[in-house]
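Reviewing the structure listed below.
Values reported hereafter were calculated over all heavy atoms of this structure, with side chains retained and with hydrogens, waters and symmetry mates removed.
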Amino acid sequence: MKTKLTLGVAISALLAMPAFAEGTLNLYTWSDSIAPELIKKFEETTGTTVNIDGFNSNEDALTKLQAGSSGYDVVTPSQHFVKIMIDQGLLENIDAKDMAAFAQVDDKWKNQWWDPESNYSIPLAYGTAGYTVNRDEYSGPVDSWKAYFEPEADMKGKIASLASPDEVVGAAQLYLGVPFCTEDKAEMKKVYDLLMAQKPYVAAYSSDNIENRVGSGEVAMHFWWDGNSLKTRLDGANIEYAMPKEGLVGWLDSFVVPKGASNVAAAKEFINFMSEEENATIQYNYYAHASPVKIDESKAKYTPENAPELFPTVPVEFSRACSPAAQDLITKVWTDLLQ
């Protein structure tokens with residue numbers, strides 16, 4: 001039976017209700033990164049329709065925002081690209097530090113160099129970039145980047161890389177001892193020479209379909225991310241995520257809102273929703289990357305015992321936003337490599 005309310009009672013009831021934002025929410029996230037059940041739950045809870053497009057590199061996300069009028073309300077770039085986007089005026093100041101989500105963030109991820117006043121971003125997930133080997137195709141050691149960047153002769157055509165320089169160049173720098181974001185041309189020449197010497201062994205520079213390429217044994221080694229390798233291994237592939245002594249490249253992806261987003265209210269509501277402990281736990285169990293926000297450890301699917309990929313035993317160096325001069329060198333190395 002419908003209930004008739006007086007105006008005063010109706011207003012009081014409305015004020016007592018959560019201020020959910022309706023309409024449409026357009027997400028641009030790393031491909032397959034958000035748990036589908038959370039999208040459904042958010043839609044049912046808020047009445048907001050959620051659309052998702054995926055990207056496979058930070059460069060793609062940056063290009064989309066630089067073009068203007070992206071049509072997206074939430075994007076999930078990595079830490080160094082958050083810094084670039086802030087510096088270029090591509091993001092909305094959402095007063096992140098005043099959002100409910102911020103209280104859920106581990107203190108070590110607050111007020112970091114990419115967003116020192118925590119105005120623009122709320123962390124989503126973090127992890128590492130390294131390389132995965134198929135143990136049916138490669139039986140050697142995986143304790144150094146040497147196996148990947150200076151492979152044995154029988155590995156020709158059996159190695160694959162990501163399609164962008166973002167973390168690959170950083171890994172080469174770790175192996176060579178070249179500082180991240182160096183402006184020294186001679187140092188970057190070392191990186192270029194290493195990658196050029198590796199190139200005859202590389203079957204593909206691709207960020208797509210990696211789980212099939214390395215999981216099936218089409219290639220013996222593939223540059224990849226920790227959680228993706230973990231999920232493919234748990235699906236039955238005989239693969240191993242390397243722990244090179246020179247270290248792994250670290251990343252932390254965050255929720256940000258592009259400048260001019262049409263539904264900032266829904267964007268902030270979604271970010272808060274994703275950061276709630278119950279939902280963050282569901283997201284952790286789906287995405288298989290470490291969570292920078294509080295989760296229910298008793299319901300966490302991944303532990304050091306069953307998911308060593310997520311708990312590195314070697315140094316981790318996080319990618320940084322480089323100066324224009326340093327970034328130009330990275331771009332030139334990669335462009336010349338792929339010519």
Side-chain angles (χ1 to χ4, degrees), residues 30-31 33 56-58 78-80 125-152 155 158-180 191 194-195 198 201-215 217-235 237-253 287-290 292 302 304 306-320 330 334:
W30 290 93
S31 295
S33 62
N56 290 313
S57 75
N58 280 299
S78 302
Q79 73 285 346
H80 46 318
Y126 69 94
T128 61
Y131 70 97
T132 294
V133 300
N134 184 303
R135 280 308 192 184
D136 294 329
E137 301 295 328
Y138 174 77
S139 59
V142 290
D143 61 348
S144 169
W145 279 105
K146 181 178 178 62
Y148 181 78
F149 285 122
E150 299 187 275
E152 298 295 333
M155 288 292 103
K158 299 291 289 181
I159 290 175
S161 174
L162 296 181
S164 68
D166 188 13
E167 291 150 333
V168 178
V169 168
Q173 291 173 315
L174 286 178
Y175 176 53
L176 295 171
V178 173
F180 281 10
V191 173
L194 179 71
L195 295 176
Q198 182 204 37
Y201 293 81
V202 179
Y205 292 91
S206 173
S207 301
D208 299 319
N209 202 34
I210 295 174
E211 61 274 13
N212 291 327
R213 193 175 296 114
V214 68
E218 178 184 334
V219 297
M221 302 180 185
H222 211 306
F223 200 103
W224 213 10
W225 298 289
D226 53 348
N228 304 71
S229 185
L230 164 64
K231 291 205 298 187
T232 303
R233 176 176 64 80
L234 293 179
D235 283 342
N238 187 20
I239 62 175
E240 180 179 355
Y241 188 67
M243 291 289 166
K245 60 189 177 184
E246 300 88 359
L248 294 163
V249 180
W251 55 266
L252 180 137
D253 296 337
Y287 198 24
H289 290 298
Y302 305 112
N306 66 17
E309 294 92 338
L310 305 188
F311 302 88
T313 56
V314 297
V316 177
E317 184 160 355
F318 280 73
S319 299
R320 296 193 285 275
I330 293 171
W334 197 255

**Study point:** Any donor-acceptor N/O pair, S207 side chain to A163 backbone, under 3.5 Å
**Key:** yes
Study note, to complete from the structure: The reported gap from NZ in K231 to OH in Y302 (rounded to nearest 0.5 angstrom) is 6.5 Å
Review point. Considering only heavy atoms from C-beta outward, does the side chain of V219 approach that of V202 to under 4.5 Å?
Key: no
Review point. Is the backbone of V191 close enough, under 3.5 Å, to the side chain of Q173 for a donor and an acceptor to pair up by distance?
Key: no
Review point. Under the salt bridge (Lys or Arg N to Asp or Glu O under 4.0 Å) test, which residues partner E211, sequence neighbours left out?
Key: none
Check your understanding: Ignoring hydrogens and geometry, is there a side-chain-to-backbone donor-acceptor pair from D226 to G127 under 3.5 Å?
Key -> no
Review point. Which heavy atom in N56 sits nearest to a heavy atom in W225, and how many Å separate them?
Key: O-CH2, 4.1 Å
Exercise for review: Give the C-alpha distance, both sets of side-chain angles, the deciding distance and a yes or no for side-chain contact (heavy atoms from CB on, under 4.5 Å) between V142 and Y131.
Suggested key: CA-CA 9 Å; V142 290; Y131 70 97; 3.9 Å; yes
Check your understanding: If you round to the nearest 0.5 Å, how far is CZ of F223 from CD1 of I159?
Key -> 12.5 Å
Check your understanding: Near E150 CD, under 6.0 Å, is it more than 12 heavy atoms from other residues, nucleotides or ligands?
Key -> yes
Review point. Among side-chain atoms of S57 and S164, is any donor-acceptor pair under 3.5 angstrom?
Key: no
Review point. How far apart are the closest heavy atoms of H222 and S206, and which atoms are they?
Key: CE1-O, 3.6 Å
**Study point:** For A147 against P141, the heavy-atom pair lying closest together
**Key:** CB-O, 3.7 Å
Review point. How long is the gap from CG on L234 to CG on N306, to the nearest 0.5 Å?
Key: 7.0 Å
Review point. So which heavy atom on L230 is nearest to which on A288, and how close?
Key: CD2-CB, 3.9 Å
Check your understanding: What's the shortest heavy-atom distance between Y138 and A220, and which atoms?
Key -> CB-CB, 4.2 Å
Point to revise | Student check: side-chain heavy atoms of N228 and I210 closer than 4.5 Å | key: no
Practice item. Measure the CG-CZ distance between N134 and R213 for me, rounded to the nearest 0.5 Å. Key: 13.0 Å
Check your understanding: Do the non-hydrogen side-chain atoms of L195 and F149 ever get within less than 4.5 Å of each other?
Key -> yes
Point to revise | Smallest separation among heavy atoms of S319 and E167, with atom names | key: OG-CG, 4.3 Å
Review point. CE of M221 to CD1 of I239: how many Å apart, nearest 0.5 Å?
Key: 13.5 Å
**Study point:** Side-chain touch H80/N58, heavy atoms, less than 4.5 angstrom
**Key:** yes
Exercise for review: Kindly indicate whether the side chain of Q198, heavy atoms from C-beta on, has any atom under 4.5 Å from the side chain of Y148.
Suggested key: yes
Exercise for review: Ignoring hydrogens and angles, tell me if any N or O in the side chain of K158 forms a donor-acceptor pair with the backbone of G217 under 3.5 Å.
Suggested key: yes
Which donor-acceptor pairs under 3.5 Å do side chains of residues 245-252 form with protein atoms, sequence neighbours excluded?
residue, atom, partner, partner atom, Å
E246, OE1, W145, N, 3.0
E246, OE2, S144, OG, 2.7
W251, NE1, T128, O, 3.2

Check your understanding: Distance-only, no hydrogens or angles: does the E137 side chain make a donor-acceptor pair with backbone N or O of E218 under 3.5 Å?
Key -> no
**Study point:** Atom pair OG1 (T313) and CG (D143), whose distance is rounded to the nearest 0.5 Å
**Key:** 10.5 Å
Exercise for review: Answer whether the closest heavy-atom distance between the side chains of Y126 and V316 falls below 4.5 Å.
Suggested key: no
Study note, to complete from the structure: Contacts of E309 meeting salt bridge (Lys or Arg N to Asp or Glu O under 4.0 Å) (sequence neighbours excluded), chain-then-number -> R233
